[in-house]
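Down below is the structure, laid out as structure tokens.
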Amino acid sequence: MPQVPVVRTVKALRARVGAWQAGGEHVALVPTMGALHAGHIALVKAGQRRAQHVVVSIFVNPTQFAPTEDLSSYPRTFAADRAKLADAGADLIFAPTVPEMYPDGFATTVSLAGPAAAGLEDAFRPTHFPGVATVVCKLFTQCRPDIALFGEKDYQQLQVVKHLARDLDLDIKVIGVPTVREPDGLAMSSRNRFLSAAEREKSLVLYQQMQAAASAIRAGHEPEAALDAARSAIIAAGFALDYLALRDAATLARINGAALLAGQPLRLLVAAKIGATRLIDNIAV
Ligand code: AMP
């Protein structure tokens, strides 16, 4: 199978993408941090359905990790990633170095409100979304794709990026792709490899309890009571729970009784840590 070409500079990236677009062809961008799994490949496939060419960026972005987080241990598996992308039929890998992305004197960060300040991930990782939004903004303006694909797995991130593209007139359509799960329901994540066998087993509680709470809420049960039952079960399984929250699906705002009665789309989001591994997940309600 032919290898997927790799470019490491913005100049080389623009030359490739520009040539495709000059020929009237559309380009999809799939931003990743590598350690690719079937969830990432679903984004590539979704891009292929909507554009002639798919570019996958692989960049472990240091600015979205806090000093206490897992930047140094984050899995880096470039050769395996490249093979998976060849298999999926991706057209180009953009794998910049840290100095290419952040040259000496780099001094600009995107500042965020709206869904980035919903009191979910932002409450526990305050520097995360400014780091994400800045690197995504750079990737968008470096690559200038027609569309970009992001996973619903990182649901708050997806809403932040949709706002970013709209608010800064980036003229890139941001498309969300449903979460790909293991057969038993655990959301695929590059961090799942850090779970011990016992932790892996216990991790099912997140999806199971979200489903239980969502069906109770849909059946008309009081949301706070349903959420509390799920929270207790998650903690009983051995998790340190950061949040389990029911929010407006588009704005991530807190919801009130009127919103519930109006039947507007809602999202249930969870973040919890087991051992050294922090997992996030979410489902529609
Ligand atoms: P990451 O490399 O983990 O930062 O993720 C890169 C992209 O893949 C993001 O848009 C994620 O939301 C998406 N992604 C990660 N895991 C999954 C999954 N299980 N299903 C769908 N998309 C995912």
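Whatever order the structure lists them in is the order used to number ligands and atoms, beginning at 1.
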So between L158, L43, L186, whose heavy atom ends up nearest atom 13 (C) of ligand 1?
-> L43

Given V180, V177, D154, D281, which has its nearest heavy atom closest to atom 11 (C) of ligand 1?
-> D154

Between [X] and ligand 1, find which residue part has any heavy-atom pair under 4.0 Å and reply side chain, backbone, both or neither.
{"X": "H37", "result": "side chain"}
{"X": "A38", "result": "neither"}
{"X": "A35", "result": "neither"}
{"X": "Y74", "result": "side chain"}

Which of parallel (below 30°), tilted (30 to 60°) and perpendicular (above 60°) describes F59 and Y102?
-> tilted

Do the rings of F124 and Y243 sit parallel, tilted or perpendicular, given the 30° and 60° boundaries?
-> tilted

Test item: T108 and T134 side chains (from C-beta on) under 4.5 Å apart, heavy atoms = no

Min side-chain heavy-atom separation V10-F94 under 4.5 Å | yes

Stacked cation flag R193 on Y74, 6.0 angstrom / 45 deg | no

Proximal ligand 1 atoms for [X], defined as those under 4.0 Å from one of its heavy atoms:
{"X": "P178", "result": "21 (C)"}
{"X": "M188", "result": "16 (N), 17 (C), 18 (C), 19 (N)"}
{"X": "T32", "result": "2 (O), 6 (C)"}
{"X": "T179", "result": "19 (N), 20 (N), 21 (C)"}

Any N/O pair F150/ligand 1 closer than 3.5 Å | no

Looking only at distances, please establish whether an N/O atom of ligand 1 is found under 3.5 Å from an N/O atom of M33.
-> yes

Give me the nearest non-hydrogen protein atom to [atom] as residue plus atom name, then the distance to 0.1 Å.
{"atom": "atom 5 (O) of ligand 1", "result": "H40 NE2, 3.5 Å"}
{"atom": "atom 6 (C) of ligand 1", "result": "P31 O, 3.3 Å"}
{"atom": "atom 22 (N) of ligand 1", "result": "G151 CA, 3.5 Å"}
{"atom": "atom 23 (C) of ligand 1", "result": "K153 CB, 3.9 Å"}

Sole residue of N282, L120, V285 in side chain to side chain contact (heavy atoms under 4.5 Å, CB included) with R247 | L120

Can you spot which of I274, L186, N192 makes a side chain to side chain contact (heavy atoms under 4.5 Å, CB included) with R200?
-> L186

Determine whether more than 12 heavy atoms belonging to other residues, nucleotides or ligands lie under 6.0 Å from atom CD of E201.
-> no

State yes or no: do F78 and I41 share one hydrophobic cluster built from I, L, V, M, F, W and Y residues joined by side-chain heavy-atom distances below 4.5 Å, directly or via other members?
-> yes

Test side chain to side chain donor-acceptor pair (under 3.5 Å) applied to D146 and K173, Q21, Q52, the passing residue = Q21

